[in-house]
Amino acid sequence: MTTLRKETPMRHGKRVGVWLAGARGSVATTVIAGAAALGGGLAPPVGCVTERPGLRELPLPAFDALVFGGHDIVGTPLPKRAEALAEAGVLPGRLLRLVAGELEAADRDVVTAAGPALDGEAAPQAVLAAELAADITAFRKRHDLETVVVVNLSSTEEVPADREEFHTLDGLRRALETEPAVLPASALYAYAAFTAGCSFVDFTPSTGARLPALRELAEQRGLPYTGRDGKTGETLVKSALAPMFVHRALRVRSWSGTNLLGGGDGATLERPEAALSKTESKTRVLDEILGDGVEGTVHIDNVPALGEWKTAWDHISFEGFLGVPMTMQFTWQGCDSALAAPLVLDLVRLMALAVEAGDSGPQEQFGFFFKDPEGSADPSLDAQYRLLVDWAGRVSSP
Ligand SMILES: NC(=O)c1ccc[n+]([C@@H]2O[C@H](COP(=O)([O-])OP(=O)(O)OC[C@H]3O[C@@H](n4cnc5c(N)ncnc54)[C@H](O)[C@@H]3O)[C@@H](O)[C@H]2O)c1
């Protein structure tokens, strides 16, 4: 977090671009349809943290001031994706017709990127990075946008092996100029975002901006970024519940979680390499709140029959007075994209404000939204919320 400028002019009325990597996925489609519904007054902003007292007074961009575009490797148009989500019960069917115009407009701004190129082809990766940045810049000019927030909503990647070149911007640039597959796609999007002068949000557990070389680039350009892995279900409950055991002086002995997922995310996470980045970000919160020595692991299973719904079942064993053993269990059943989409909208609105306030580098105050946030702030949900509201107070005070 950096020092905030004293005066923040009102943003209302200014249009903010939202460039989504993975623009035709379930979360992205729900984000675009949701913004259209909220912007048109067709639905109340349930689930939007930025509409709570203490935040809604901020000079945030209005929902109908958000302009969407992005990259995806698939060509299925957004209205078709929205139809499938309506059939699955994620989007109310009556909304489809009402937001069709906004979905079609956004789809015209989605560039279908060649998938294999992101994994490496003959040209050095700097060429591809420049193309991605040029797409974002063209979008900004086309719509005459005040600022563009780039959000990674693409499929979860595996954790890449560390390379010396990731540690300095000079080293990274040299590698990009000569090699075809240096960065994973999520980090290439972060690189392209910063190169195009845009802030970056990583809603996935992938690498994103979390490399020293990319932090250097963001700070050099004076751009803020945040991530990673949106906290929408099991980990959200954990970050609220684990502090209760600590404050009540109860000793947690084990905490095991099983997650059943369907949809695109479930299919991606079926690959153990991709699931590793997710399970790593999911375990961080308990380690930090409860300390080492708590047994138990997190499992993720792909269950296609669940579609867009996910179930998390957690079993907690703990010890009370004089060592008496006790147990708690909870089951969380949520609609993945309906949980994620309002948080993506919150992050876009807050990030636009951070840009205006002159913030740069990692944004610790947005840790509330993530499983694996930047920095070392207290990971309990209540402390994270206070950090966010305190920042809001500072940014809006004259
Ligand atoms: N839904 C939630 O509650 C939640 C919470 C935290 C994180 N996430 C993360 O959000 C991401 C999106 O989830 P989803 O349910 O929409 O998944 P999805 O599979 O429906 O969508 C992912 C989209 O990314 C696209 N894509 C894949 N590789 C790409 C690339 N290299 N460049 C551009 N696009 C690419 C795919 O074609 C697809 O359209 C996942 O990484 C997921 O882990 C979701």
Side-chain angles (χ1 to χ4, degrees), residues 18-38 43 45-52 63 66 68 70 72 78 81-82 84-86 88-92 95 99 103 106 149-157 186 189 200-206 208 226-240 259-269 274 277-278 281-282 285 300 306-312 332-351 366-373 381 384 388:
V18 187
W19 189 264
L20 305 174
R24 291 183 173 124
S26 300
V27 176
T29 309
T30 311
V31 165
I32 299 168
L38 298 188
V46 177
C48 291
V49 179
T50 45
E51 288 296 308
R52 288 202 23 83
F63 292 110
L66 305 178
F68 293 92
D72 205 306
L78 278 165
R81 286 292 289 122
L85 288 174
V90 179
L91 293 173
L95 269 187
V99 301
L103 287 167
V149 182
V150 176
V151 186
N152 181 27
L153 290 177
S154 64
S155 314
T156 300
E157 300 162 350
S186 62
Y189 283 121
F200 180 78
V201 176
D202 195 355
F203 203 76
T204 82
S206 305
T226 192
R228 66 187 171 185
D229 204 5
K231 187 161 64 183
T232 57
E234 186 198 28
T235 315
L236 176 70
V237 181
K238 278 178 170 174
S239 67
N259 293 264
L260 310 179
L261 303 183
D265 205 20
T268 304
L269 296 173
S277 56
K278 195 63 135 184
S281 72
K282 272 176 160 293
V285 63
I300 300 180
L306 292 183
E308 299 291 327
W309 267 255
K310 66 179 168 193
T311 295
W332 170 276
Q333 288 175 297
C335 173
D336 236 3
S337 299
L339 288 163
L343 301 186
V344 174
L345 291 172
D346 285 329
L347 282 160
V348 165
R349 302 176 86 197
L350 291 166
M351 199 50 131
F366 299 151
F368 173 80
F369 295 95
F370 297 109
K371 295 188 191 76
D372 181 15
L381 193 66
Q384 290 176 322
L388 178 65

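All values reported here derive from a predicted model rather than from experimental measurement. Values reported hereafter were calculated over all heavy atoms of this structure, with side chains retained and with hydrogens, waters and symmetry mates removed. Numbers here are sequence positions counted from 1.
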T232 side chain vs A340 backbone, donor-acceptor pair below 3.5 Å: no
Check: L260 main-chain N/O paired with K310 side-chain donor or acceptor under 3.5 Å: no
Between CG on residue L339 and CH2 on residue W309, distance to nearest 0.5 Å: 10.0 Å
Point-to-point distance, once rounded to the nearest 0.5 Å, from CG of L78 to OG1 of T29: 5.0 Å
R349 vs E51, side-chain contact (heavy atoms from CB on, under 4.5 Å): CA-CA, chis, key distance, verdict: CA-CA 11 Å; R349 302 176 86 197; E51 288 296 308; 2.9 Å; yes
Minimum heavy-atom distance F63-A35, with the two atoms named: CB-O, 4.0 Å
Side-chain donor or acceptor of D336 paired with backbone N/O of E308 under 3.5 Å: no
Derivation of the side-chain contact (heavy atoms from CB on, under 4.5 Å) call for V201 and V348: CA-CA 8 Å; V201 176; V348 165; 5.8 Å; no
Side chain proximity check, D346 to F368, heavy atoms < 4.5 angstrom: no
Residues R228, D202: salt bridge by 4.0 Å N-O rule: no
Under 3.5 Å donor-acceptor, E157 side chain and S206 backbone: no
Within-4.5 Å side-chain heavy-atom neighbours: L85 and S26: yes
Short side-chain to backbone donor-acceptor contact, R81 and R24, under 3.5 Å: yes
Closest heavy-atom pair and its distance - I32, A106: CG2-CB, 3.9 Å
Heavy-atom pair with the smallest gap, counting every atom of P373 and Q384: CG-NE2, 4.0 Å
side-chain contact (heavy atoms from CB on, under 4.5 Å) assessment of L345 paired with L66: CA-CA 9 Å; L345 291 172; L66 305 178; 3.8 Å; yes
Residue pair L350 / F369, side-chain heavy-atom distance below 4.5 Å: yes
Residue pair L103 / A33: nearest heavy atoms and the distance that separates them: CD2-N, 4.1 Å
Verdict with supporting geometry, L347 and V151, side-chain contact (heavy atoms from CB on, under 4.5 Å): CA-CA 9 Å; L347 282 160; V151 186; over 6 Å; no
Separation between CZ of F370 and CZ of F203, rounded to the nearest 0.5 Å: 7.0 Å
Least distance between heavy atoms, F200 atom then Y189 atom: CE1-C, 4.1 Å
From L381 atom CG to T235 atom OG1, the distance as rounded to the nearest 0.5 Å: 11.0 Å
A36 versus V99, closest heavy-atom pair with distance: CB-CG1, 3.7 Å
Exam field: side chain N152 to backbone S186, donor-acceptor pair closer than 3.5 Å: no
